[in-house]
Amino acid sequence: MNAARHGFAVLATLVALTATMVLAEHAVGQTAHAVHSGPTVVYLVRHAERAEDGTDDPPLSTAGEARARLVADMLRDAGVERVHTTDYKRTRATAAPLSERLGLPLETYEGGDLTGLAERIRAEGGRHLVVGHSNTTPEAVAALAGEPGRPIDEMEYDRLYVVTLTPDGAATVLLRFGAPFSPPG
């Protein structure tokens, strides 16, 4: 197995284990029905690399399409039940491979109403993928009471946040995937 495949396999396993451990922790002594109403798990990513086409709504580049497929591969067994994107080609295209694989519709949200999105996710429970932008993804993490860390750089596309919501609060795990980001300087 080459290094890239091995790294992906390890990352996909970490994503699945993180979600499984959180559910198992809260499922001890509970019925199967109570497990489903347990913690809400939200996966958040920025859209993948875009192709510069001179418009305000560019599609994904070839690298972005590959990253979108990688997101789908990583989350294929994560139990995602809802897929949320802003109404832009690049966010919809980033979410599309997972949405198609799972047979889930893309649900659009307004990037200016992240509090409303967070409230809706809390009310619905379950597992969600949220695809946003360099500015809205950290803000969405914060709206869910998670820890967004430093701002996302304009050319950074490799963050995967996992925010787990329980009655006791929120826990955030930040994973990196695909081609690594090297900050300028």
Working to the nearest 0.5 Å, report the span between [atom1] of [X] and [atom2] of [Y].
X	Y	atom1	atom2	result
N135	R46	CG	CZ	8.5 Å
L98	L104	CG	CG	7.0 Å
M74	D77	CE	CG	12.5 Å
T86	D113	OG1	CG	13.0 Å

Which atom pair, heavy atoms only, marks the closest approach of [X] to [Y]?
X	Y	result
S99	P105	OG-C, 4.0 Å
V83	A95	CG1-CB, 3.6 Å
G64	A48	O-CB, 3.2 Å
T137	V45	OG1-O, 3.5 Å
A93	A68	O-CB, 3.7 Å
S134	I152	O-CB, 3.6 Å

Say whether, by atom type as modelled, one donor and one acceptor occur between the side chain of [X] and the main chain of [Y] under 3.5 angstrom.
X	Y	value
R67	E49	no
E119	G116	no
T91	G132	no
Y161	P148	yes

NZ/NE/NH1/NH2 to OD/OE distance under 4.0 Å, [X] and [Y]:
X	Y	answer
R176	D158	yes
E124	R82	yes
D73	R101	yes
E154	R50	yes
E107	R120	no

| field | CA sep, side-chain torsions, deciding dist, call: L165, L144, side-chain contact (heavy atoms from CB on, under 4.5 Å) | value | CA-CA 8 Å; L165 307 172; L144 290 163; 3.9 Å; yes

Test item: [X] and [Y] side chains (from C-beta on) under 4.5 Å apart, heavy atoms:
X	Y	value
T94	L60	yes
V130	L117	yes
D53	P59	yes
P58	R90	yes
T136	L114	yes
Y157	H47	yes
E147	V163	no

| note | The ring pair (Phe, Tyr, Trp, His ring centres under 6.0 Å) partners of Y109 (sequence neighbours excluded) come to none

Linked, directly or transitively: [X] and [Y] (ILVMFWY side chains, under 4.5 Å):
X	Y	result
I121	L129	no
L175	Y43	yes
V131	L106	yes

| query | Does R159 make a cation-pi contact with F177 (under 6.0 Å, within 45 degrees of the axis)? | reply | no

| said: I'd like to check the side chain to side chain donor-acceptor pair (under 3.5 Å) partners of D87; sequence neighbours left out, ordered by chain and number. | reply: R92

| request: Mind running side-chain contact (heavy atoms from CB on, under 4.5 Å) on E156 and R150 for me, showing each step along the way? | output: CA-CA 12 Å; E156 183 178 355; R150 66 173 179 75; 3.3 Å; yes

| field | CA sep, side-chain torsions, deciding dist, call: V80, L102, side-chain contact (heavy atoms from CB on, under 4.5 Å) | value | CA-CA 8 Å; V80 172; L102 300 178; 4.0 Å; yes

| field | Short side-chain donor-acceptor distance under 3.5 Å, H84 and T108 | value | no

| request: Would you check, one step at a time, whether the test side-chain contact (heavy atoms from CB on, under 4.5 Å) holds for L160 with L174? | output: CA-CA 6 Å; L160 170 64; L174 173 59; 6.0 Å; no

